[in-house]
Amino acid sequence: MEVFGTLGLIAVIVVLFFVILYYVPVILWFSALVTGVRISLLQLVLMRIRKVPPAIIVRAMIEAHKAGLQTIKRDELEAHYLAGGNVDNVVHALVSASKANIDLTFQMGTAIDLAGRDVFEAVQMSVNPKVIDTPPVAAVAKDGIQLITKARVTVRANIKQLVGGAGEETVLARVGEGIVSSIGSSSSHKAVLENPDSISKVVLSKGLDAGTAFEILSIDIADIDIGKNIGAELQTDQAEADKNIAQAKAEERRAMAVAEEQEMKAKAQEARAHVIEAEAEVPKAIAEAFRSGNLGVMDYMRYKNIDADTQMRDSIAKPQQPGQSKGRNANDKDKNDK
């Protein structure tokens, strides 16, 4: 029993020892002391209570101290950690900016980090500029020829504009707009092909990096391809549209002419009907004249002779119809003479 009691006591002592080491990180405090970072054991214990990992804070303070950044305070690092920031990334960025002679304060670095941007990558981009390839940009010169252009934009991070500044998409959109404007103002596509650097000069002069998180260093035209003849296609489409309009108007006029022709034919038929109707009244009038004594036999015969002469003259004046025999005409003439 005494042996089990002794073992239990030893186990309790070991557990208490590790608990004390967890809440009182003596080794971490000794590492900070050796490197010249002044921090008390009480502060380390309070970090545990505030649920702030002491190892992260102490490691960041050691790195800043060794890099000569004496202005970084423990309270500021804890506050940034509790705000959800990346303490290690901010300290790395501050050390890199200090070595590269870039003006980056702790407040600015933490603001950039809390804004969701990688502050360490931004510092690296300030030292080593980044090249962005634009997608193919199609533009049309004044002579109607389409040019497809690809450009390479060299940018450097603007530390002061990282918070609230526009990103890469805005830079690419503005560069594309500048390329379209430059090519569109050119008199011909040949002038653009002869001097592609004129596009870069025009685009750079517009100040496209204003309000962005980057500073445009250069815009280089990587490739220019000749696309479609947009002017000719537009003229062809316009000519086709004009032709369709003219055909529609001609069809309308033809339909109106056909309708008018049919109307005139109907009027002619109506006039013929009136003539036939009037001719039908002639025998009735002759019969009535006979009954009333106003027309004698000799008068009627004289009328018939005049009618026969008129028909003969009409037949002579009219051209001979195909298929009509001469004998028939001769017989008709003899009958008329009789």
Side-chain angles (χ1 to χ4, degrees), residues 5-128 130 157-168 212-214:
T6 304
L7 291 175
L9 181 60
I10 293 173
V12 172
I13 292 173
V14 170
V15 171
L16 289 175
F17 177 74
F18 281 105
V19 170
I20 292 172
L21 285 180
Y22 175 77
Y23 281 99
V24 185
V26 179
I27 298 175
L28 193 61
W29 169 79
F30 183 74
S31 299
L33 183 63
V34 171
T35 55
V37 176
R38 294 183 178 180
I39 187 170
S40 63
L41 282 173
L42 179 61
Q43 292 296 336
L44 295 177
V45 172
L46 293 176
M47 286 183 195
R48 292 289 189 190
I49 298 174
R50 288 193 292 265
K51 295 183 180 181
V52 177
I56 295 177
I57 304 300
V58 172
R59 186 169 58 247
M61 292 181 66
I62 292 174
E63 182 180 356
H65 180 75
K66 288 297 184 181
L69 302 177
Q70 306 296 334
T71 58
I72 298 178
K73 305 299 182 182
R74 174 189 54 79
D75 292 339
E76 295 175 342
L77 293 175
E78 285 190 46
H80 185 62
Y81 179 84
L82 292 173
N86 192 333
V87 175
D88 291 335
N89 206 25
V90 171
V91 174
H92 293 337
L94 291 174
V95 173
S96 298
S98 176
K99 299 302 180 183
N101 294 324
I102 298 175
D103 186 15
L104 179 63
T105 62
F106 180 79
Q107 288 75 16
M108 187 181 297
T110 54
I112 295 172
D113 184 63
L114 292 176
R117 296 184 181 271
D118 193 337
V119 61
F120 183 62
E121 182 182 354
V123 173
Q124 287 182 328
M125 193 182 298
S126 297
V127 178
N128 185 20
K130 181 180 179 181
N158 189 352
I159 300 296
K160 296 181 180 180
Q161 293 290 337
L162 282 176
V163 179
E168 293 183 9
T212 65
F214 303 97

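Residues P54 and M47 share a closest heavy-atom pair of CA-SD, 3.8 Å. Closest approach of A100 and V127 over heavy atoms only: CB-CG2, 3.7 Å. When all heavy atoms are compared, the tightest approach of R74 to I57 is CG-CG2, 4.1 Å. F120 approaches S96 most closely through the heavy-atom pair CE1-OG, 3.2 Å. Closest approach of V90 to H80, counting heavy atoms only: CG2-NE2, 3.4 Å. Counting all heavy atoms, side chain and backbone alike, A60 lies closest to V87 at CB-CG1, 3.7 Å.
Rounded to the nearest 0.5 Å, atoms NE2 (H65) and CZ (R38) are 9.5 Å apart. Here the straight-line distance linking atom CD of E76 with atom CD of Q107 works out to 5.5 Å at 0.5 Å rounding. To the nearest 0.5 Å, atom CD of residue E121 and atom NZ of residue K130 are 6.5 Å apart.
Residue I56 is tested with L77, V91, D88 for a side-chain contact (heavy atoms from CB on, under 4.5 Å); the sole match is D88.
For D103, the CG atom sits in a loose shell: 12 or fewer heavy atoms of surrounding residues, nucleotides or ligands are nearer than 6.0 Å.
The side-chain heavy atoms of I159 and I112, taken from C-beta on, include a pair separated by under 4.5 Å. Between L82 and V52, the closest side-chain pair of non-hydrogen atoms falls below 4.5 Å.
Distance alone, capped at 3.5 Å, places no donor-acceptor pair between the D113 side chain and the V119 backbone. Using a distance-only test at 3.5 Å, with no hydrogens or angles considered, no donor-acceptor pair links the side chain of S98 to the main chain of L94.
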M125 and F214: CA distance, side-chain angles, deciding distance, side chain to side chain contact (heavy atoms under 4.5 Å, CB included) verdict: CA-CA 9 Å; M125 193 182 298; F214 303 97; 3.4 Å; yes
